[in-house]
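Step one of this worksheet: look at the structure below.
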Amino acid sequence: MAVSSLSSPLCSWFLAVCMSMTCKEDSSIFQSPKRMTKKSRRKKLIGSVHYSQNLFSSFQVSSMHSLMSSCLSFEPCEVFYNSNRSSSSLHNIFSLFGSKSSNRIQMQKNGAVHSGGVAVSVQPEKENILKKKPPTKHRRVVVTGLGVVTSIGQDADTFYNNLLDGVSGISEIEAFDCSQFPTKIAGEIKSFSPDGWVSPKLLKRADKYALYLLTAGKKALEDGGITEQVMNVLDKTRCGIIIGSALGGMKVFNDAIEALRVSYKKMNPFCVPFATTNVGSAILAVDLGWMGPNYSISSACATSNFCILNSANHIIRGETDLMLCGGSDAAIIPIGLGGFVACRTLSQRNNDPTKASRPWDTNRDGFVLGEGAGVLLLEELEHAKRRGAKIYSEFLGGSFTCDAYHMTEPHPDGMGIALCIEQALAQSGVSKEDVNYINAHATSTQTGDRTEFQALVRCFGQNPELRVNSTKSMIGHLLGASGAVEAVATVKAIQTGWVHPNINLENPDKAVDKALLVGAKKERLNITVALSNSLGFGGHNSSILFAPYK
């Protein structure tokens, strides 16, 4: 008989160790069982324990540590699982825990064995519990929809056309009085209208990050051709959402603190759920009725890439057919601006906002805070083809690593970034020579830009075909949303055959090779494989790869 579940952790450990032992029918270590009284059995439990019918031989226990170590090295015993054992074998095992045979036999008739408070359900003798999942053919993942909310466009086409034209979305902050701050500029969204995308009730209650997320998510669906008619025939149990946020509902939380200064009775009853990073994905699922995987990942400015790769993996493993994924953040509020000012990471080029974000330029003085959302609709290839979807590109794979070095500074030699890129290439089966476009993280900080570029050169060398740019030169740093918005830019580059310029790159840093960087004008490029990097506070590194669909 096969044991399917154990309610006692001790019993689980005990059986796991027994089953991890080498199982050979003719091995000399198997011995005939010895009759022992209950008292002698208890004495032998920490020494040698004998089992009948060649099931187990001996079990030496020196300490709890060795017991746990054995459990961790557990390997199923094929002889045990594949042979037809009589119920007496289990009787001998569980008698060690003081069960009475008469009660046990009766309980077996009812489908379970109870022993000293331990309940063990028993499956039919002929059932093999080591059923292996049947092999499935490789499932390819493609991008079929794009949605964005940014300072230079609130649909993918407008957004990318402005990038190609070198339009900057950096300007003076208008949402609040920032005269007391040394930084007064940001990639602020001046006119945002969620009408038709978000319900009126949510407009009053939800944080901006959630409103951006919902809008970008539904725009990605519309762009992907998921009409009401298509939605009605989708298997919604196989549709999921993973859209993360680095900071979540900061304004909702901040407003709750201010209300609490007066009285808890003044607090928004929705302040807790609307401040969390997962609520945007959750609300979107409620609106769509999508019942597949739904959660958020928060890994600072690498958040979006984490969400995209995890979503792709759900499709590859056969768990879903459609995934909405990406990121959203809205931190241009006093506490957000003040926090980054305190970190001394922001540019103070207030007199010339459009020139403030200048990745790799010698005169860069920090990054510019941005806001918005980016969402990709990922889909299993055959599923997309059956419904006649427009395919933008193919998602090849990616990887994550951690610098394990400093909370805010990257490792000086870029080792963690290089490792991440190399693992992404290996996981995707892509040769480094095939990569000819990189949308870099490059935020416009002194250390970060230089370190990432060194890692790129370490991985790809001086490849004359390689072109590198930074979307942040025009929209600033969107924190947890940056990776998704840049992924949209990467996919649009593949679709259009044009890569956008690096604006404000007037005097390239001596540590970078200008020949690899896109200039002040857009450039024509037939992309073979594109890499998009996102790095975050805490040493989080992420790299994802896209290619034209063929």
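No hydrogens, no waters, no symmetry mates; every other heavy atom, side chains included, goes into these values. Position 1 is the first residue of the sequence; numbering continues from there.
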Show which side-chain atoms of residues 473-482 pair as donor or acceptor with protein atoms under 3.5 Å away, not counting sequence neighbours.
{"unit_1": "Ser473", "atom_1": "OG", "unit_2": "Ser470", "atom_2": "O", "d": "3.0"}
{"unit_1": "His477", "atom_1": "ND1", "unit_2": "Leu479", "atom_2": "N", "d": "3.2"}
{"unit_1": "Ser482", "atom_1": "OG", "unit_2": "Leu479", "atom_2": "O", "d": "2.7"}

State the [atom1]-[atom2] distance between [X] and [Y], to the nearest 0.5 angstrom.
X      : Y      : atom1 : atom2 : value
Phe453 : Asp509 : CZ    : CG    : 9.5 Å
Arg238 : Leu322 : CZ    : CG    : 9.5 Å
Leu516 : Glu465 : CG    : CD    : 11.0 Å
Ser543 : Glu422 : OG    : CD    : 10.0 Å
Ser168 : Asn504 : OG    : CG    : 7.0 Å
Ile315 : Phe395 : CD1   : CZ    : 9.5 Å

Which residues pass the salt bridge (Lys or Arg N to Asp or Glu O under 4.0 Å) test with [X], sequence neighbours left out?
X      : result
Arg205 : none
Lys432 : none
Glu486 : Lys472
Lys201 : none

For [X], ring pair (Phe, Tyr, Trp, His ring centres under 6.0 Å) partners two or more places apart:
X      : value
Phe306 : Phe400
Phe274 : Phe270
Phe340 : Phe367

Are a donor atom and an acceptor atom from the side chains of [X] and [Y] found within less than 3.5 Å of each other?
X      : Y      : answer
Ser296 : Thr277 : yes
Ser431 : Glu433 : yes
Asn439 : Thr471 : yes
Gln427 : Ser399 : no
Asn436 : Asn463 : no

Is the number of heavy atoms from other residues, nucleotides or ligands under 6.0 Å of Lys514 NZ greater than 12? no

Within a reach of under 6.0 Å around CG of Asn526, are more than 12 heavy atoms found that belong to other residues, nucleotides or ligands? no

Please, which pairs that meet salt bridge (Lys or Arg N to Asp or Glu O under 4.0 Å) have at least one residue in residues 532-545, sequence neighbours excluded? none

Name all pairs fulfilling the salt bridge (Lys or Arg N to Asp or Glu O under 4.0 Å) condition that reach into residues 517-535, sequence neighbours left out, sorted by first residue then second. Arg467-Glu523

Donor-acceptor pairs under 3.5 angstrom involving side-chain atoms of residues 287-295: please list them, not counting sequence neighbours.
{"unit_1": "Asp287", "atom_1": "OD2", "unit_2": "Lys218", "atom_2": "NZ", "d": "3.0"}
{"unit_1": "Asn294", "atom_1": "ND2", "unit_2": "Ser281", "atom_2": "O", "d": "3.0"}
{"unit_1": "Tyr295", "atom_1": "OH", "unit_2": "His314", "atom_2": "NE2", "d": "2.9"}

Filter on ring-ring contact (aromatic ring centres under 6.0 Å, His included), then keep only pairs touching residues 196-239, sequence neighbours left out; what's left? Phe192-Tyr212

Pro501 and Val518: which non-hydrogen atoms are nearest, and at how many Å? CA-CG1, 3.8 Å

Identify the heavy atoms of Thr354 and Ile170 that sit nearest to each other, and give their distance. CG2-O, 3.7 Å

Testing Glu382, Glu394, Glu379 one by one against Arg140 for a side chain to side chain donor-acceptor pair (under 3.5 Å), which residue passes? Glu394

Per side-chain contact (heavy atoms from CB on, under 4.5 Å), Leu545 is matched among Asp434, Ile421, Leu396, Thr490 by Leu396

Does Glu222 come within less than 4.0 Å of Lys219, counting only side-chain N to carboxylate O? no

Report the C-alpha separation of Asp321 and Arg139 in whole Å, then their side-chain angles, then the decisive distance to 0.1 Å, and conclude whether the salt bridge (Lys or Arg N to Asp or Glu O under 4.0 Å) test is met. CA-CA 10 Å; Asp321 299 315; Arg139 289 166 59 89; 3.1 Å; yes

